[in-house]
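Lettering of chains follows the sequences in order, A, B, ..., and the numbering in each one begins at 1. Just so we're clear, the structure is a prediction, and the values are computed from it rather than from any experiment.
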Amino acid sequence: MADPRTDAAFLTRNAAAAQPAGALEERLGQAAKDGRQLRVKLGIDPTAPDVHLGHVVVLQKLREFQDLGHRVVLIIGDYTARVGDPSGRSATRPVLTGEEIDRNALTYQEQALRVLDDAPDRLEVRRNGEWLDMGMDAFLTLARIPKVAQLLERDDFAKRYAGGKPISLLEFVYPLLQGYDSVAVESDVELGGTDQTFNLLFGRDVQRAEGRPEQTVLTMPLLVGTDGVQKMSKSLGNHIGITEPAEEIFGRTMRIPDELIDPWSDLLGVDLPGTPGDDPRGRKRALARGLCDRFAGEGEGDRAQAAFDRLFKDRAIPDDIPVHELGGEDDVHLPALLADAFGVSRSEGRRAITQGGVRIDGEPWPQDVLDVGVDRLDGVVLQLGKRRFARLVVPAPA
RNA sequence: GGGGGGAUGUCCGAGUGGUUAAAGGAGACGGGCUGUAAACCCGUUGGCUCUGCCUACACAGGUUCGAAUCCUGUUCCCCCCA
């Protein structure tokens, strides 16, 4: 446990990079000798409050530091959220209002604690508004540090610049502010995804300029989203949130491409039976169960899997489905009903019917029938496609 | 400050007066096959009270029998020169 070499190897086993080389082990050794905790920083941007599996990769790594006795410093970027982090973005980010930031930060914190240890000596939560709300003179002093050429080398800036896409000065300033966070909290180590590499390394420059020891940078590979192509991100809609119901986590995990099974298992810390490449279906089911147990609660994995099998193997109707109340009309226009029940447009509903995608109580609905008497619908299960269900009820006359 | 270029549907991207709800691709959705994977096949993809109607090609106005396409103004973006 106290062997720095073992600890460093453990911490970097699934990391993308630890920079500079060997620095992590050295720090761990120094900390052990001085009998103090390392301060491990993670800055989070409170623009997207819901924590998803992509965030878990880094949170999980923080947790490992905590379990080795170190202290995590979580920085809520309430001030920097007004700037907008350009990392990995091809366009300028929207700016949030103060209330949105507060709300998001709270939600995030709450959810992050499902992964992190919140013991008082293991977790410190700060907001960078504490120190970034500085005067112009202080800011201008900081502004000497970054060089334009250096900023332009950064991958996403370079791409945008070459592609004729806009980059605002505000975005240029972002790394500087994030770097100053490291000065303010005296971080020993900063974590982030590989897309954060530039910002994290730049933090070292700021620390050096301020006469502080430079932090070690540990980057984690980006978790590929459920589409199997792009990094997991809420705005791309390829994410799985850790507060989602077990059925959802299970089902969406089952839809990931096979190539993702091992990276996910590795980065999210879910152990799988068998060897990589073998029995992808079985391993994927184990992965899905593991994620459910971890985020929805112990035992949820088996439960979700059973529900999943009922639905897709037996093609049965799930037992826990939302109830949709019908209005008072005698005749129901099916496209309108589908629109109300499932949040699609009436045209989409109509299309689904004419393409044979609608079922009533599991029986395919005739493709040319768009209207039906309300008496035919009381208590039945309306189904759109393979996985959208609603139980219909006709309210008793008052 | 001067000059040039651009803004099209979820995204990318054709289209420079009529046969354009707008080629093509991606994505998505429905069906088939299946392991709710991949690959593959078929269909759909602005809305609606649907053999028709309405709204759409940055925004506002104009020319025309007719405009995404022409003109004027506005907003935003990019490039070059200073």
Side-chain angles (χ1 to χ4, degrees), chain A residues 89-92 94 157 159-171 224-230 233-240 244-265 272 274 276-289 291-292 304-318 327 329 331-360 362-372 382-389:
Chain A
R89 274 294 182 123
S90 51
T92 306
F157 283 151
K159 276 188 189 135
R160 278 208 261 163
Y161 193 64
K165 294 277 174 12
I167 302 169
S168 73
L169 184 56
L170 213 52
E171 293 177 271
V224 174
T226 54
D227 61 358
V229 182
Q230 293 185 273
S233 123
K234 192 173 182 184
S235 55
L236 293 172
N238 63 359
H239 67 296
I240 297 178
E244 291 184 45
E247 289 79 4
E248 198 64 20
I249 295 177
F250 194 95
R252 306 200 54 201
T253 302
M254 288 306 286
R255 281 207 289 173
I256 65 173
D258 288 358
E259 305 80 75
L260 256 42
I261 298 172
D262 291 304
W264 276 36
S265 145
L272 301 182
D278 276 357
D279 182 27
R281 179 170 167 274
R283 283 165 59 82
K284 196 187 283 183
R285 283 162 73 90
L287 175 64
R289 281 196 307 274
L291 293 173
C292 289
Q305 177 170 297
F308 177 86
D309 286 345
R310 264 201 308 286
L311 184 52
F312 294 103
K313 277 186 159 170
D314 312 337
R315 287 212 140 203
I317 292 163
E329 305 83 21
D331 288 306
V332 175
H333 188 54
L334 241 29
L337 174 59
L338 290 164
D340 286 350
F342 303 117
V344 298
S345 77
R346 293 183 180 199
S347 294
E348 285 174 282
R350 192 173 299 111
R351 245 175 257 137
I353 296 166
T354 55
Q355 294 188 112
V358 171
R359 288 167 180 258
I360 299 276
E363 295 302 315
W365 186 256
Q367 304 185 5
D368 53 356
V369 180
L370 296 183
D371 295 277
V372 63
L382 177 68
Q383 179 179 357
L384 172 60
K386 288 190 173 71
R387 50 196 146 93
R388 280 177 282 190
F389 298 87

J.: Contact list please: residues 277-286 of chain A against RNA chain B, heavy atoms, distance less than 4.0 Å, in numerical order.
T.: A:P280, A:R281, A:K284
J.: Does any N or O in the side chain of A:K386 come within less than 3.5 Å of the main-chain N or O of A:F312, such that one atom is a donor and the other an acceptor?
T.: no
J.: Quick one: which protein N/O atoms are closer than 3.5 Å to N/O atoms of nucleotides 30-33 of chain B? Pair and distance per line, please.
T.:
{"unit_1": "B:rG30", "atom_1": "OP1", "unit_2": "A:R388", "atom_2": "NH2", "d": "3.2"}
{"unit_1": "B:rG30", "atom_1": "O2'", "unit_2": "A:Q355", "atom_2": "O", "d": "3.3"}

J.: Would you kindly give the CG-to-P distance between A:L370 and B:rC48, to the nearest whole Å?
T.: 13 Å
J.: Toward the 5' end of RNA chain B, which comes first, A:M254 or A:A336, by nearest nucleotide?
T.: A:M254
J.: Work out which heavy atom in A:R252 is nearest to a heavy atom in A:I240; give both atom names and the distance.
T.: CB-CD1, 3.8 Å
J.: Let's test this: given Watson-Crick or G-U wobble pairing with both distances under 3.5 Å, identify the partner of B:rU64.
T.: none
J.: With sequence neighbours excluded, tell me which residues meet side-chain contact (heavy atoms from CB on, under 4.5 Å) with A:D331.
T.: none
J.: Does B:rU45 have its OP1 or OP2 closer than 4.0 Å to a side-chain nitrogen or oxygen of A:S347?
T.: no
J.: Do any N or O atoms from the side chain of A:T226 and from the backbone of A:N238 form a donor-acceptor pair under 3.5 angstrom?
T.: yes
J.: When the distance from CD of A:E348 to P of B:rU10 is rounded to whole Å, what number comes out?
T.: 12 Å
J.: Using the C1' atoms only, state how far B:rA68 lies from B:rU20, rounded to an integer number of Å.
T.: 9 Å
J.: Considering only atom C1', compute the distance from B:rA21 to B:rC57 and round it to an integer number of Å.
T.: 11 Å
J.: With a 4.0 Å cut-off on N to O distance, would you call A:R283 and A:D278 a salt bridge?
T.: no
J.: Round to a whole Å and report the spacing from NZ of A:K313 to P of B:rG35.
T.: 9 Å
J.: Just jot down the salt bridge (Lys or Arg N to Asp or Glu O under 4.0 Å) partners of A:D309, sequence neighbours excluded, or say none.
T.: A:R285
J.: If you assign each of A:D258 and A:S345 to its closest nucleotide in RNA chain B, which residue comes earlier from the 5' end?
T.: A:D258
J.: Could you check whether A:I261 gets within reach of a base, just the sugar-phosphate, or nothing at all, counting any heavy atom under 4.0 Å?
T.: nothing
J.: How close or far is atom P of B:rC48 from atom CG of A:D340, stated in whole angstroms?
T.: 11 Å
J.: Rounded to whole angstrom, note down the C1' distance from B:rC11 over to B:rU49.
T.: 32 Å
J.: Quick one: does A:E363's side chain have a donor or acceptor within less than 3.5 Å of a partner on A:W365's backbone?
T.: no
J.: Expressed as a whole number of angstroms, how long is the span from A:L338:CG to B:rC48:C1'?
T.: 15 Å
J.: Let's test this: given Watson-Crick or G-U wobble pairing with both distances under 3.5 Å, identify the partner of B:rU34.
T.: none
J.: Taking N and O atoms by type only, does the side chain of A:D227 place a donor or acceptor under 3.5 Å from a partner on the base of B:rG27?
T.: no
J.: Find the distance A:R289:CZ to B:rG35:P and express it as a whole number of Å.
T.: 17 Å
J.: Watson-Crick or G-U wobble partner for B:rG43, using a 3.5 Å limit on both distances?
T.: B:rC29
J.: Can you find a heavy atom in the side chain of A:V224 that is under 4.5 Å from one in the side chain of A:E259?
T.: no
J.: With a 3.5 angstrom cut-off on both distances, give the Watson-Crick or G-U wobble partner of B:rC59, or none if there isn't one.
T.: B:rG73
J.: For A:L334 and B:rU49, give me the distance from atom CG to atom P, rounded to whole Å.
T.: 12 Å
J.: Reckon A:R255 touches a base, only the sugar-phosphate, or nothing at all at heavy-atom distances under 4.0 Å?
T.: base
J.: What pairs meet the salt bridge (charged side-chain N to carboxylate O under 4.0 Å, His left out) rule with one or both residues in residues 334-348 of chain A, with sequence neighbours excluded?
T.: none
J.: Using the P atoms only, state how far B:rC42 lies from B:rG24, rounded to an integer number of Å.
T.: 15 Å
J.: At their closest point, which heavy atom of A:A339 faces which heavy atom of A:S345, and how far apart are they?
T.: CB-C, 4.1 Å
J.: Rounded to the nearest Å, what distance is computed from the CZ atom of residue A:F312 to the C1' atom of nucleotide B:rA37?
T.: 13 Å
J.: Give me the distance, rounded to whole Å, that separates B:rA26 from B:rU19 when you measure between the P atoms they each carry.
T.: 27 Å
J.: Just jot down the salt bridge (Lys or Arg N to Asp or Glu O under 4.0 Å) partners of A:D279, sequence neighbours excluded, or say none.
T.: none
J.: Which value, in whole Å, describes the distance between the P atoms of nucleotides B:rG73 and B:rA82?
T.: 28 Å
J.: Would you measure the distance from the C1' atom in B:rA7 across to the matching atom in B:rU16 and give it in whole Å?
T.: 15 Å
J.: In whole angstrom, give me the gap between the C1' atoms of B:rU10 and B:rG27.
T.: 8 Å
